[in-house]
Visitor: 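One structure follows; several queries about it will come next.
Heavy-atom basis, side chains included; hydrogens, waters and symmetry copies ignored. Numbers here simply count residues along the sequence, with the first being 1. Atoms within each ligand, like the ligands themselves, are counted from 1 in listed order.
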Amino acid sequence: MARELAAFIQKGGGLITVDDLSHYEVKEREAVRGTYRGFEIISAPPPSSGGTALIEILNILEGYDLAKYGRSARAMHLTLEAFRRAFFDRAELLGDPDFSKIPVAPLIDKKYAREWRESIDPAHASPSKDLRRPASFSQLEQFARLHPSSMRESQHTTHYSVVDPDGNAVAVTTTLNESFGSGVTVEPLGFLLNDEMDDFTVKPGVPNTYGLIQGPANAIGPGKRPLSAMTPTIVLKDGRLSLVLGSPGGPRIITTVANILMSVVDYGMNLQEAVNAPRFHHQWLPDEVYVERGTSPDTVAMLQQMGHHVVSEDYWSDAECIAIDLKTGERLGTSDVRNNGKAVGY
Ligand code: DON
């Protein structure tokens with residue numbers, strides 16, 4: 001297969017060789033873990049930014065009584081500010097851990113979230129261009145200085161969640177990046193090639209296909225893996241399986257999973273309601289809030305008054321999730337109403 005694949009790619013002018021493929025290894029990595037209001041969050045570690053960003057977002061939000069605010073403009077504003085800060089950190093600090101030191105532990109530290117909260121104005125949007133990492137939390141600033149090397153430099157993603165009758169859970173997200181990847185099928189082998197190179201920082205300061213401005217830790221290099229936003233997530237309550245979550249959606253994957261989790265934990269929705277609810281997204285740059293169809297116009301007006309640049313869109317992502325009824329153990333499959341997925345039982 002490697003020989004056929006390399007020959008096919010080279011015929012098309014591509015660079016991949018049999019030697020590259022023989023050096024490729026699948027890596028098993030420790031999941032990142034955090035907590036949110038008594039739930040344990042287990043999610044994807046670098047080179048995905050998903051789990052780290054999700055836990056950073058949740059840590060920031062844990063300091064606010066979101067249940068009291070309900071799904072209001074005020075709660076949305078605080079959530080957007082958490083999204084903005086986590087994506088700011090993602091852009092500067094995250095990449096392939098085999099090549100740069102990635103400061104996951106300080107990023108998912110609750111103390112760090114507390115520092116970030118102090119920079120959040122409850123009534124006004126923080127302009128992304130003025131965002132600065134909390135000065136009193138110097139560890140991450142020092143990190144950037146100590147690692148100069150890291151400073152120099154459906155559209156086809158699928159998520160599925162599985163829980164077997166014994167309660168074993170799997171959250172899988174797999175990606176070709178854009179729709180049909182590179183649009184090239186390896187003829188003798190019958191599969192598509194991805195276009196994942198765009199998940200790297202192709203050029204500092206230049207947005208990728210998802211509008212992300214990324215940092216040097218995610219620069220292209222030989223043997224390197226690109227930074228991802230995939231966020232396959234398993235949530236436990238009192239040590240027992242509670243939720244299995246995930247979605248496609250590029251950078252919106254992270255905020256889709258956060259939206260769903262908060263809708264369940266903070267706003268008391270069942271998982272299907274949480275999956276159906278209109279989503280909102282912020283990724284630091286561009287400094288815009290994206291809201292899905294169905295978001296209340298009053299809420300949009302209030303966000304605008306706080307200084308957010310709101311862009312209304314149709315819909316995005318495709319969350320395919322499972323909740324476990326903690327009393328009966330029943331597995332409750334939920335499929336995203338926006339697409340053609342399906343919950344199946346066995
Ligand atoms: O790994 C990533 O972050 C991207 N390749 C995901 C792309 C994606 O989800 C596109 N689907 N809508």
Visitor: For A229, counting its heavy atoms only, list the atoms of ligand 1 lying under 4.0 Å from any of them.
Guide: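 The list of qualifying atoms is 1 (O), 2 (C), 3 (O).
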Visitor: Looking only at N/O atoms, are I253 and ligand 1 under 3.5 Å apart anywhere?
Guide: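 N/O-N/O distance below 3.5 Å does not exist for this pair.
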Visitor: Considering D199, N208, L227, which one's heavy-atom position lies nearest to atom 2 (C) of ligand 1?
Guide: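 Heavy atom nearest to atom 2 (C) of ligand 1 belongs to D199.
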Visitor: For residues 37-80, which residue pairs pass the ring-ring contact (aromatic ring centres under 6.0 Å, His included) check, not counting sequence neighbours?
Guide: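 Non-adjacent pairs meeting ring-ring contact (aromatic ring centres under 6.0 Å, His included): H77-H308.
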Visitor: Taking the six-membered ring for Trp, is the centroid-to-centroid distance between F87 and W284 below 6.0 Å?
Guide: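 Centroid distance F87-W284: not below 6.0 Å, so no.
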Visitor: Go through the side-chain N and O atoms of E288 and Y290 and say whether any donor and acceptor fall under 3.5 Å apart.
Guide: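 Present: a donor and an acceptor within the cut-off.
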Visitor: Side chain, backbone, both or neither: which part of N177 comes within less than 4.0 Å of ligand 1 when only heavy atoms are counted?
Guide: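 The answer is both, backbone and side chain.
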Visitor: Under 4.0 Å from a heavy atom of E196: which atoms of ligand 1 are those, numbered in the order shown and with their elements?
Guide: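 What qualifies from ligand 1 is 5 (N).
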Visitor: Under the criterion salt bridge (Lys or Arg N to Asp or Glu O under 4.0 Å), which of R240, R33, K237 is the partner of E40?
Guide: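 By the salt bridge (Lys or Arg N to Asp or Glu O under 4.0 Å) criterion, E40 pairs with just one of R240, R33, K237: R33.
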Visitor: Below 3.5 Å, N or O to N or O, backbone or side chain included: is there any such pair between Y210 and ligand 1?
Guide: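 No, no N or O pair falls under 3.5 Å.
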Visitor: Flag yes if I16 and V202 sit in one hydrophobic cluster, no otherwise; membership is Ile, Leu, Val, Met, Phe, Trp, Tyr, and two members link when side-chain heavy atoms are under 4.5 Å apart.
Guide: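 Looking at the clustering, V202 is in a separate group from I16.
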Visitor: Short N/O distance, under 3.5 Å, between P248 and ligand 1?
Guide: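 No: no nitrogen or oxygen of P248 is under 3.5 Å from one in ligand 1.
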Visitor: Under 3.5 Å between any N/O of G249 and any N/O of ligand 1: does that happen in this structure?
Guide: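 Right, the criterion is met.
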Visitor: Hey, is the main chain of L193 close enough, under 3.5 Å, to the side chain of S182 for a donor-acceptor pair?
Guide: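 Answer holds: yes.
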